[in-house]
Enquirer: 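If you scroll down you'll find the structure; I have some questions about it.
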Amino acid sequence: MSRRLSIYLILAALATVGATASWIAVGAEQSRADLALVRGDIAAAEWSTSRARLDALAGSFGVHRRALAGLAVIEALTDDDSAYRLTRVTARDLSYYPLGPLLQRALAEERYDGCLRLVALLRRVGAPDFREFEAAAFLEQGRLELARSIEVPATPRTRVRATLAAVFASDPRDVLVRDREGALLGTASPAPAGGFVFTPERGVDAALVPGPAIDGLASVLPARSVRLTIDRALSQMARGALGPYRGSIVVVDPSDGSVLAAVSDRRTDSESGAPALEQMREPASIAKLITVTAALRAGYDVDAILHDMTCRGSMRLDDSAEGVLYCAAVNGPLHGLDRALAVSCNVAFAQLGEMVGREKLLEEFHRYGFDFEGDESQFFGRVVAPEGSARQLGDLSIGLEATSITPVHAALEAATVANGGWMHPPRLYRSTDTFLGFSERSLPKPEGWQVLDESWRPLLTRAMIAVANPGGTAARIAPASFPVALKTGTASEPDTGFHVNYIGFGPLPETRFAFAVRVTHQSSSRRVRTAAFAVTRRLLEGLSRFDVDRPAQQPPPRGRAVLATLGQQAAGGG
């Protein structure tokens, strides 16, 4: 063989070796990419797809051990009788997979035996500590002594550890109370005289948990834990929005009446049990919405009637000494519902009430839940003076003297407009759960009832938007990021001074929250309105941060854009 031929053969061999190595490297890279996809399938519990792909990868160069480890994980979680039960795998191979989330998912899906098998496999190969999941599975199976016998690290590194610590420190008869997201709020223990005593979890303010939600727990038992509708973070924000003022704030989900926050300042809380849900005060001008819908139901063209009306600051309703009703200002020509509601003209709505008549007006108040009869009756307002003079009919029409309302009922009034006319009783319980809070079982939602014709919603919403626009009683109260529809109401009572009820919903046009702000114990109408403006502004700024569903790249509609949307809805029948 010539020297030149030898060189050619050597070069050819090297080229073959290089090509083979390159092919092997490409194949290994592809196998690693395929394995990464399988890891995602396992995390999503797509067992059959994962098993088929892992079987194909079990003989692949560079990934075969991790593939076998994946098959072992699937077998443990699903109890599949396969050839991989005795496969030797290492902790490092197993750690390639999201073991903690997989164990937590097994608990959530009540696959407690699978959780125990996987923990046993991890212990056998010396994987990082997952003892809390073993204790959790025993606990959920009702094997309390076995759960207690496992030494779970005290440091609450995971939600599972933190919950185990709370459960082990409690009585087996206790009920764990969580917020709507599953965060542990505290423990409700049966009281000797009946009912429950609530003990908040460390770092949780007990005032964020409404007393009636604890008092009524018996209605949703037996359950190891209960999720309330309350959102802890939103409730903390709402209480902070009160600042130095006395009062209450309620935020509800308008779609079903779920109470997301029901908070009061500390002094008000200390004076009565659940003021945000049960404190009665005059509704004041928020009742004008009820007068409007009573007139609409009676067949009146409210917008046209108010368009031709002029406010001269007062009107005489009867010949008694108290027969004159006053407005806060001489409002002049009203030009329709928008301006009448925006300036909150007492004269205009007293005349509407006079046209409708006492009987039909009282029927409308009852449609809105006043004098509600049922298990939730303490949360609804009352008609305290169903009879009276013409002047007292005027008071009924504008929310003074004749009626009283709770903050939560006021929030539900706003929610009824936002929800296309449906009112729901306040909902305090979202679901029951297992001890660890991973297996949520939704509770039935209270049935609502239709209050308004849905076609009225654009008219009412447009007028409530005017309240928050220039010239309205709450002009510029809303941040640009959170357009709202609003109604204000101011009243005074002999023993408590001036108070307000501000109700509304937003962000427009896709509403997620309805709310009521009540500020009390102020010395003048000017002071109480200044305080209410500050409180409501802080609340709306806070709610704008909780509006996570709106795409960040699309700025919220403002002013004319909102009105245009509502106009389109009106043209389409609401």
Side-chain angles (χ1 to χ4, degrees), residues 229 250-260 283 286-303 337-338 341 360 363-370 372 376 379-381 405 408-427 430 444-468 478 482-487 501-516 540 543 546-547 549-550 556-557 561-574:
T229 57
V250 175
V251 181
V252 302
D253 180 344
S255 68
D256 63 4
S258 291
V259 178
L260 306 178
I286 66 172
K288 291 171 182 174
L289 291 168
I290 301 176
T291 301
V292 170
T293 60
L296 291 171
R297 196 180 310 278
Y300 291 106
D301 186 339
V302 173
D303 212 19
L337 177 61
D338 290 8
L341 202 69
K360 291 188 180 300
E363 288 177 1
E364 197 71 12
F365 273 90
H366 291 147
R367 284 190 183 91
Y368 275 87
F370 285 80
F372 183 86
E376 300 90 359
F379 304 139
F380 287 89
I405 197 170
V408 69
H409 190 186
L412 293 173
E413 180 186 338
T416 300
V417 180
N419 194 32
W422 282 83
M423 176 170 275
H424 297 272
R427 185 184 184 213
R430 175 184 171 93
K445 297 181 181 181
E447 291 187 8
W449 62 94
Q450 190 165 10
V451 177
L452 310 177
D453 188 315
E454 189 174 357
S455 66
W456 301 343
R457 181 180 182 271
L459 175 71
L460 296 170
T461 303
R462 191 189 70 202
M464 292 175 72
I465 290 173
V467 176
F482 200 83
V484 295
L486 197 80
K487 184 67 191 88
N501 294 304
Y502 282 15
I503 66 171
F505 52 89
L508 298 175
E510 300 297 329
T511 298
R512 295 183 62 238
F513 304 106
F515 61 87
L540 298 180
L543 289 177
F546 282 88
D547 186 27
D549 290 341
R550 185 171 57 227
V562 173
L563 291 175
T565 301
L566 292 168
Q568 292 167 4
Q569 292 175 349

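Predicted model only: the values in this text are computed from it and were never measured.
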Enquirer: Report the distance from atom CZ of Arg512 to atom CG of Leu543, rounding to the nearest 0.5 Å.
Expert: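 It is 9.0 Å, given to the nearest 0.5 Å.
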
Enquirer: Are Arg297 and Arg367 packed together at the side-chain level, in the sense that at least one heavy-atom pair is separated by less than 4.5 angstrom?
Expert: yes

Enquirer: How long is the span from the CG atom in Leu459 to the CG atom in Leu296, to the nearest 0.5 Å?
Expert: 6.0 Å

Enquirer: Compare every heavy atom of Ile286 with every heavy atom of Glu413, then report the nearest pair and how far apart it is.
Expert: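 For Glu413 versus Ile286, the nearest heavy atoms are OE2-O, 2.7 Å.
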
Enquirer: Distance from Lys487 atom NZ to Leu460 atom CG, nearest 0.5 Å?
Expert: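 Those atoms lie 12.5 Å apart.
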
Enquirer: Indicate yes or no for a side-chain donor-acceptor contact from Thr511 to the backbone of Leu508 under 3.5 Å, with no hydrogens or angles considered.
Expert: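 No.
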
Enquirer: Do the side chains of Pro426 and Val252 get nearer than 4.5 Å, heavy atoms only?
Expert: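 A side-chain contact under 4.5 Å is absent here.
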
Enquirer: How long is the gap from OG1 on Thr416 to CH2 on Trp422, to the nearest 0.5 Å?
Expert: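 With rounding to 0.5 Å, OG1 (Thr416) is 11.0 Å from CH2 (Trp422).
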
Enquirer: Ignoring hydrogens and angles, tell me if any N or O in the side chain of Ser258 forms a donor-acceptor pair with the backbone of Asp253 under 3.5 Å.
Expert: no

Enquirer: With the threshold set at 4.0 Å, does a side-chain nitrogen-carboxylate oxygen contact exist between Arg462 and Asp303?
Expert: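 Salt bridge flag = yes for Asp303 with Arg462.
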
Enquirer: Please examine the side chains of Asn419 and His424, heavy atoms only from C-beta on, and report whether any two atoms are closer than 4.5 Å.
Expert: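 Touching, per the 4.5 Å side-chain cut-off.
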
Enquirer: Can you name the nearest heavy-atom pair linking Val302 to Ala295, along with the distance?
Expert: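 Of all heavy-atom pairs spanning Val302 and Ala295, the closest is CG2-CB, 3.6 Å.
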
Enquirer: Does Arg457 pair with Glu454 as a salt bridge, N-O distance under 4.0 Å?
Expert: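 Result for this pair is no, no salt bridge flagged.
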
